[in-house]
Amino acid sequence: HVPDGGKWSRQIALAKEFDVPASKGLSRAEASRAFKKHGFNPQGFASWVRRGHITREGDRRFLSDKGREWLQRAEAKMA
């Protein structure tokens with residue numbers, strides 16, 4: 001059982017938006033739209049960076065290795 005499965009599902013969907021190669025990472029505007037699309041405040045991006053789940057190179061934002069590990073564990077819990 002996953003507590004608050006709706007929010008958990010939205011976090012997984014959001015993480016998948018950032019699960020791209022660095023060269024295809026999201027711009028600031030794209031990242032903001034992704035957060036809004038999944039029902040999160042775009043200012044929450046900073047907490048994902050602080051936890052090490054999303055990283056930036058220039059104007060590109062994408063999942064870090066730690067973020068990909070979290071995504072794999074989260075998807076396994078939902079299965």
Side-chain angles (χ1 to χ4, degrees):
H1 174 67
V2 177
D4 193 4
K7 182 177 180 183
W8 194 258
S9 294
R10 291 185 299 119
Q11 287 176 329
I12 290 171
L14 176 59
K16 286 180 177 181
E17 298 262 358
F18 290 88
D19 191 13
V20 296
S23 62
K24 302 219 185 259
L26 282 68
S27 69
R28 181 178 181 189
E30 291 167 333
S32 179
R33 281 193 296 275
F35 269 78
K36 290 177 185 175
K37 174 182 171 183
H38 296 289
F40 295 103
N41 184 326
Q43 292 176 333
F45 175 78
S47 70
W48 287 61
V49 172
R50 278 193 303 276
R51 288 181 293 180
H53 293 156
I54 295 177
T55 191
R56 285 191 332 194
E57 281 185 14
D59 187 42
R60 297 288 156 202
R61 292 141 179 88
F62 52 93
L63 277 186
S64 64
D65 290 342
K66 182 178 179 181
R68 285 189 180 90
E69 290 169 9
W70 175 87
L71 179 57
Q72 289 174 348
R73 288 192 310 273
E75 288 181 311
K77 287 181 184 179
M78 291 295 288

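Side chains are part of it too, since the values below use all heavy atoms of this structure and drop only hydrogens, waters and symmetry mates.
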Side chain to side chain contact (heavy atoms under 4.5 Å, CB included), that's the test. Do Val49 and Thr55 meet it? Break it down for me. CA-CA 6 Å; Val49 172; Thr55 191; over 6 Å; no
Count the heavy atoms belonging to other residues, nucleotides or ligands that lie under 6.0 Å from CZ of Arg56, then report whether that count exceeds 12. no
Is there a side chain to side chain contact (heavy atoms under 4.5 Å, CB included) between Phe45 and Arg50 once you walk through the steps? CA-CA 9 Å; Phe45 175 78; Arg50 278 193 303 276; over 6 Å; no
What's the shortest heavy-atom distance between Ser27 and Arg61, and which atoms? C-NH1, 3.6 Å
Distance (rounded to the nearest 0.5 Å) between Met78 CE and Gln11 CD: 10.5 Å
Do Trp70 and Leu63 come within less than 4.5 Å of each other through their side chains, counting heavy atoms only? no
Is the Lys NZ or Arg CZ of Arg10 less than 6.0 Å from the centre of Phe40's six-membered ring, within 45° of the axis? yes
Regarding Arg28 and Asp59, does a basic nitrogen lie under 4.0 Å from an acidic carboxylate oxygen? no
Would Arg60 and Glu30 pass as an ion pair if we require N to O under 4.0 Å? yes
Can you tell if the side chain of Asn41 reaches within under 4.5 Å of the side chain of Phe35, non-hydrogen atoms only? no
Kindly give the heavy-atom pair with the smallest separation between Gly25 and Val20, and that separation in Å. CA-CG2, 3.7 Å
Does a side-chain heavy-atom distance below 4.5 Å link Glu57 with Phe62? yes
Taking all atoms of both residues into account, what is the closest heavy-atom pair of Trp8 and Ala74, and its distance? NE1-O, 3.4 Å
Does some side-chain heavy atom of Phe18 sit less than 4.5 Å from a side-chain heavy atom of Leu26? yes
Without hydrogens or angle criteria, can the side chains of Glu17 and His38 be said to hold a donor-acceptor pair below 3.5 Å? yes
Mind checking the OG-CD1 spacing from Ser47 to Ile54? Nearest 0.5 Å is all I need. 8.5 Å
